[in-house]
Amino acid sequence: MEKNDYDKETPEQALGDSVRQRLFFVVLVATMGSLAYGYDTGIISGALPFMTLPAPQGGLGLNPFTEGLVTSSLIFGAALGAFLSGYLSDRFGRRITLRSLALLFVLGALGTALAPTVNIMIVMRFLLGVAVGGGSSTVPVFIAEIAGPRKRAPLVSRNELMIVSGQLVAYIVSALMSYLLNDPHLWRYMLALAMVPGVLLFIGTFFVPASPHWLVAEGRVKDALRVLKTLREHPREVQKEMSDMKQQARESQQGPSTKELLKQKWVLRLVLTGAGMGFVLQFTGVNAFMYYTPIILKTTGMGTSASIAATIGNGIVSVLAAIAGIKGVSRFGRRPMLMTGLTIVICAQIALGSVLVFMPQDMTQSLLALGCILVFLFFMQMCISPVYWLLMSELFPMKVRGALTGTAVSFQWICNAIVAFAFPPLLAVAGNTTFFIFALINIGSLIFVAMALPETRGKSLEQIETAMRQRFGEQERTAAGETA
């Protein structure tokens, strides 16, 4: 792969301390949305046992059906939130969208903590899901447009780190509160804590700049230049990026309208690629492992308390893997990381299925099964999850980046819901051979990545857009010529 201007930067041209600190602060503020995302998706596992208690004992009297509704309402809300926030971020900007989502995080967390009935809880969880989904599609795009080509990969990957950190915090909070508080309403305290990252996100958005890419797209070139000067150390970086952004903006203005652009085949191919990556991410079965690890381990004879404690191990491994992933995306291409991750994931699932099917139930089986799950999670959170979110911030053209990212991420949430719903009945019907089924699906995902996914490493967002138009446009012209 040819090196571009950004690959030729010398160590002396690295970002200065003040710019580095400013970028760190902007990313920290934006990823408060990711922290809230992780906490909200993780805390429900600790809250549900107390919510199922009868109302006189402080719970909501959930039955299996309403328990499923409370859990899944957030996922369905997230699918809607991801879709809608994409259009809002294109119309009003990434920063304003994040500020609005922060209010939804706070209102949703407060509403779930105070919900007096099951119906109100479901509505509030759905509202919270809108914020979770909106943040999942807006945060990576905002960071990518703020970061610049050289820092985009490691900074966007902090999104995944904050998601898994939020989940780990949720697991620890659940365990500590369950142990330390003898209060039937403690599940309300668990849910109320979700307000904290929402409040921090809301306040922080008043101290971070708007996306320079969005400003240029809106014709506010002077504002974009002023912002870019505060986020880059070297004037030639500013000049290069401004030149690329203005050129892209001119081409967008002279080119087709937004409605016409969405109809072009090369854009539709990108949308299908993004949707395909959502399938790849969720049909690894990652959330089946995150949600149902205690159930899987209990089939080996491990005790309930030990199985729940193992969930904290999931969170710790995921955080360590995300940290390793931040370093990995700076050194390796997107395709090699995904293909390596999928290969190890397939091997781990085959190994887990073999351990559960062919070994007798004893402590050795329990430990080997847990080891397979932790290996799966490590490579999943190091090689697959961070690359997915990075690609969602890179693949789509500037004119419709928010909308198409939202559409692709919304489909990912739908896949999440399908896996979450399908796993328990599949496990009941197919037993431990379920993990062989996931391995087979992931072989198909590996083939998809190898054949269909373009490489984006080492390019600016404008260069990626040009490359995608040329790549898929050339495929269209070739196909048309063959037809003729």
Side-chain angles (χ1 to χ4, degrees), residues 3-35 93-95 98-99 135 138-166 197 200-201 203-216 223-245 319-332 334 337 382 386-387 389-390 393-394 456-464:
K3 291 189 175 182
N4 57 35
D5 293 339
Y6 296 101
D7 292 324
K8 300 174 183 176
E9 296 290 335
T10 64
E12 290 75 20
Q13 295 172 316
L15 292 173
D17 289 341
S18 62
V19 172
R20 195 186 306 276
Q21 291 170 3
R22 196 172 297 116
L23 275 174
F24 175 81
F25 176 75
V26 173
V27 172
L28 181 64
V29 168
T31 52
M32 283 298 104
S34 305
L35 185 69
R94 323 311 187 200
R95 182 176 55 171
L98 285 175
R99 189 176 300 162
T138 307
V139 170
V141 170
F142 180 63
I143 296 175
E145 294 179 349
I146 285 288
R150 292 193 300 117
K151 291 292 182 181
R152 186 175 67 244
L155 291 183
V156 173
S157 297
R158 279 165 171 76
N159 174 66
E160 174 65 17
L161 175 61
M162 292 297 272
I163 292 172
V164 295
S165 296
L200 294 176
L201 176 62
I203 295 172
T205 56
F206 290 95
F207 298 95
V208 299
S211 160
H213 290 259
W214 181 81
L215 289 171
V216 170
D223 290 337
L225 181 60
R226 186 173 62 253
V227 168
L228 209 58
K229 285 180 178 178
T230 68
L231 298 173
R232 304 291 181 268
E233 176 67 16
H234 303 292
R236 78 182 185 91
E237 281 186 297
V238 176
Q239 294 171 0
K240 171 64 175 172
E241 288 185 51
M242 283 300 302
S243 174
D244 288 345
M245 287 189 287
V319 169
L320 294 176
I323 293 172
I326 290 173
K327 297 183 180 297
V329 294
S330 299
R331 299 180 180 180
F332 306 105
R334 317 314 186 220
M337 284 192 69
M382 179 176 68
V387 174
W389 294 111
L390 182 55
S393 72
E394 295 177 331
T456 58
R457 180 174 181 257
K459 299 181 176 71
S460 69
L461 293 174
E462 289 73 28
Q463 290 170 334
I464 292 171

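Predicted, not measured: the structure shown is a model, and the values here were computed from it.
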May I ask you to check whether over 12 heavy atoms, not counting those of Phe25, lie within 6.0 Å of atom CZ?
->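 More than 12 within 6.0 Å, yes.
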Output a table of donor-acceptor pairs, distance under 3.5 Å, between side-chain atoms of residues 321-328 and any protein atom two or more places apart or on a different chain; print 'none' if there are none.
none

Whether Arg158 side chain and Val27 backbone form a donor-acceptor pair below 3.5 Å |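 Checked: no pair found.
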Taking the side chain from Thr31 and the backbone from Ser34, do they hold a donor-acceptor pair closer than 3.5 Å?
->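 Pair absent, no side-chain N/O of Thr31 close to backbone of Ser34.
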How close do [X] and [Y] get, heavy atom to heavy atom, and via which atoms?
X      : Y      : result
Pro197 : Leu35  : CB-CD2, 4.1 Å
Val29  : Thr205 : CG1-N, 3.9 Å
Pro140 : Ser393 : O-CB, 3.3 Å
Leu155 : Ala147 : CD1-CB, 3.6 Å
Met382 : Met337 : O-CE, 3.4 Å
Val329 : Arg457 : O-NE, 4.3 Å

Could I get the full list of ring-ring contact (aromatic ring centres under 6.0 Å, His included) partners for Phe206, not counting sequence neighbours?
->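 Here the qualifying residues are Phe202.
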Going by heavy atoms in the side chains, are [X] and [Y] under 4.5 Å from each other?
X      : Y      : value
Asn159 : Ile163 : yes
Arg152 : Glu145 : no
Glu394 : Lys459 : no
Met245 : Leu228 : yes
Ile146 : Pro212 : yes

Could you tell me which residues satisfy side chain to side chain donor-acceptor pair (under 3.5 Å) with Arg22, sequence neighbours excluded, listed by chain and number?
->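 If we apply the side chain to side chain donor-acceptor pair (under 3.5 Å) test to Arg22, skipping adjacent residues, there are no hits.
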Would Arg94 and Ser211 count as having a side-chain donor-acceptor pair, cut-off 3.5 Å?
->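 There is no such pair (donor and acceptor under 3.5 Å, judged by atom type) between the side chains of Arg94 and Ser211.
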Answer with yes or no whether the side chains of His213 and Glu241 bring together a donor and an acceptor at under 3.5 Å.
->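 No, His213 and Glu241 have no side-chain donor paired with an acceptor closer than 3.5 Å.
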Between Val26 and Phe207, does a side chain to side chain contact (heavy atoms under 4.5 Å, CB included) hold up when you go through it step by step?
-> CA-CA 8 Å; Val26 173; Phe207 298 95; over 6 Å; no
Stepwise side chain to side chain contact (heavy atoms under 4.5 Å, CB included) check, Val19 with Thr230 | CA-CA 7 Å; Val19 172; Thr230 68; over 6 Å; no
